[in-house]
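Whatever order the structure lists them in is the order used to number ligands and atoms, beginning at 1.
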Amino acid sequence: FGRNARVKNKFQLLEYDFNAADTLKVPGDWNTQKKELLWYEGTLWYARQFEFKKPLNGERVFVKFGAVSLKADVYMNGKKIGRHVGGFTPFEFEVTDIVKDGLNNIVVRANNTREKSGIPTKGFDWWNYGGIIRSVELESRSSNYIASWRADLKKGGDDGVIDVSLKLDKAVADIPVKFSVPELGVGFSGKTSGDGTLAFTVKARELQRWSPESPKLYKVELSAGEDKLTEEIGFRTIETRGGGILLNGEEIFLKGVCIHDEAPGGGRVTTREEVLEDISRAKSLGCNFVRLAHYPHIEMMVKECEKAGLLVWSEIPLYWMIDWNNSATYASAESQLKEMIGRDVRRANVIIWSIANETVPSKKRNEFLKRLAQKARSLDSTRLISMAMEVTYLEDGTYTIKDELNTEVDIIAFNEYFGWYVQPKDIPNALWRIPFDKPVIISEFGGGAVAGRHGGVKDRWSEEMQKDIYEKNVKMFGGIKNLSGTCPWILNDFRSPRRPLAGVQDGYNRKGLFAPDGSEKLAAGVMREYYLREYFKTKRERLDR
Ligand code: GCB
């Protein structure tokens with residue numbers, strides 16, 4: 001902290017005394033740990049000493065960060081080891097030749113200054129938490145380790161064919177590879193080719209597919225040379241056909257809810273307890289799907305959702321105004337996309353990569369997002385691509401989606417705030433004409449209410465008004481062709497500096513179905529009833545009702 005820095009005289013450099021400095025918990029944002037840092041935006045230096053014993057068998061050592069918001073410069077034992085831009089995705093640096101036996105030190109400069117050219121940029125509706133928000137780990141690995149791998153159930157047919165591929169860090173041929181799923185009696189042995197990769201298929205006859213009703217995970221073992229790993233993996237397929245989303249070949253309706261990565265009352269999520277609380281709230285609504293808005297959430301959230309049977313929409317913070325002409329901005333979008341996909345590529349529950357939220361179409365924006373969508377598809381062709389688009393009101397009195405990106409996405413998703421920001425005369429009977437033969441998801445709708453505030457349906461901020469908005473929207477949904485999922489905004493009230501209204505917002509966006517203390521608002525009951533209705537299981541049943 002600045003107050004511990006000593007200024008010898010006005011023209012001398014600041015000399016920072018880490019030993020006298022205040023401390024912060026890692027992982028954790030700084031904003032909720034010290035009162036004076038609640039609004040802080042800028043640089044903060046972290047230092048930590050640690051004892052280490054170097055591996056004797058030639059293993060390499062890496063320092064891994066879950067996420068540092070929004071930028072990090074990392075130093076070890078007096079040397080700079082790297083820089084990372086992007087506040088929500090993991091990164092790592094090799095420190096084999098820098099870390100030593102005995103006492104070491106690591107220094108991190110975290111900076112959460114919002115920038116016009118950043119992803120996200122300057123304006124967004126959530127708290128700009130700064131710091132080392134996720135875990136930091138030292139990891140030792142064999143000298144040629146498995147740098148990336150995946151195992152996906154092949155689409156089409158019901159024959160349990162699993163595609164497996166891996167890439168070693170160094171391009172070395174003839175490294176022996178073994179893969180097995182003991183519970184399925186499936187195994188494979190082979191050797192890497194000259195570029196250090198191997199791709200093969202195995203066939204699992206009795207495979208139980210992962211689904212929300214039965215989130216089955218198998219222990220998978222993989223080794224390549226010295227490197228051995230095991231992981232719990234689920235197998236499922238996800239695809240679209242016409243206006244429907246097919247999970248394991250069967251049409252599914254995504255009963256979703258949007259969630260921010262925020263602990264109750266504020267601060268980034270760091271504990272399993274916080275993760276499980278959100279999951280249990282989502283499950284209590286009858287959800288089988290969550291939209292993890294507006295940036296990649298803590299990895300534990302995705303993994304626990306996988307165990308709990310919740311499908312996931314994951315997105316990068318490409319939000320509102322973006323510096324579309326800036327090549328560094330594009331590079332940051334692409335690297336965040338890569339890191340997001342890289343981290344969760346083996347998670348069966350992740351079915352949608354979303355590349356943007358509410359961005360206004362223009363020539364430059366369209367080019368930028370087309371390129372990004374194509375990049376996403378080239379990085380992962382097994383999942384669906386989407387983005388939250390904007391709604392257009394046509395002169396003939398109908399609502400539609402007009403966005404050139406419709407050709408690039410698998411799912412047309414849009415945010416509509418009927419009854420809150422937008423006031424159609426008759427919401428339940430609003431007419432929608434979306435001219436694409438693709439599934440449609442409502443990625444946001446809703447309105448604000450202060451928990452415990454009661455009144456009539458016209459009293460803004462009352463639970464009754466929020467409930468009325470939900471009732472009217474839910475009635476309207478039946479008339480939207482190809483509707484394959486809904487995501488109310490949002491599970492919990494969350495902190496946002498854009499929400500200052502005293503006595504009402506007090507720094508919180510109040511569109512939550514739950515208040516920070518966990519109490520449920522009336523609108524939650526509307527959503528639960530909508531999701532739990534027996535006849536609502538498939539689209540066919542919905543159309544027949
Ligand atoms: C939106 C944004 C979301 C906001 C929400 C609101 O359209 O996507 O991030 O928080 O509206 O409450 O205005």
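In this structure, the side chain to side chain contact (heavy atoms under 4.5 Å, CB included) partners of Arg383, at least two apart in sequence or on a different chain, are Arg150, Arg236, Val345, Val350, Trp353, Asp380. Residues passing the salt bridge (Lys or Arg N to Asp or Glu O under 4.0 Å) test with Glu92 are Arg141, sequence neighbours excluded. Residues passing the salt bridge (Lys or Arg N to Asp or Glu O under 4.0 Å) test with Lys25, sequence neighbours excluded: none.
You'll find the ring centres of Trp461 and Trp420 inside the 6.0 Å limit.
Cation-pi check for Arg134 over Tyr295 is not met; the charged atom does not lie both under 6.0 angstrom from the ring centroid and within 45 degrees of its normal.
Summarising the local packing, NZ of Lys467 is surrounded by 12 or fewer heavy atoms from other residues, nucleotides or ligands at distances under 6.0 Å.
Protein neighbours of ligand 1 below 4.0 Å, counting non-hydrogen atoms: Asp125, His294, Tyr319, Asn357, Glu358, Asn415, Tyr417, Tyr421, Glu444, Trp489, Phe494, Arg499, Asn509, Lys511.
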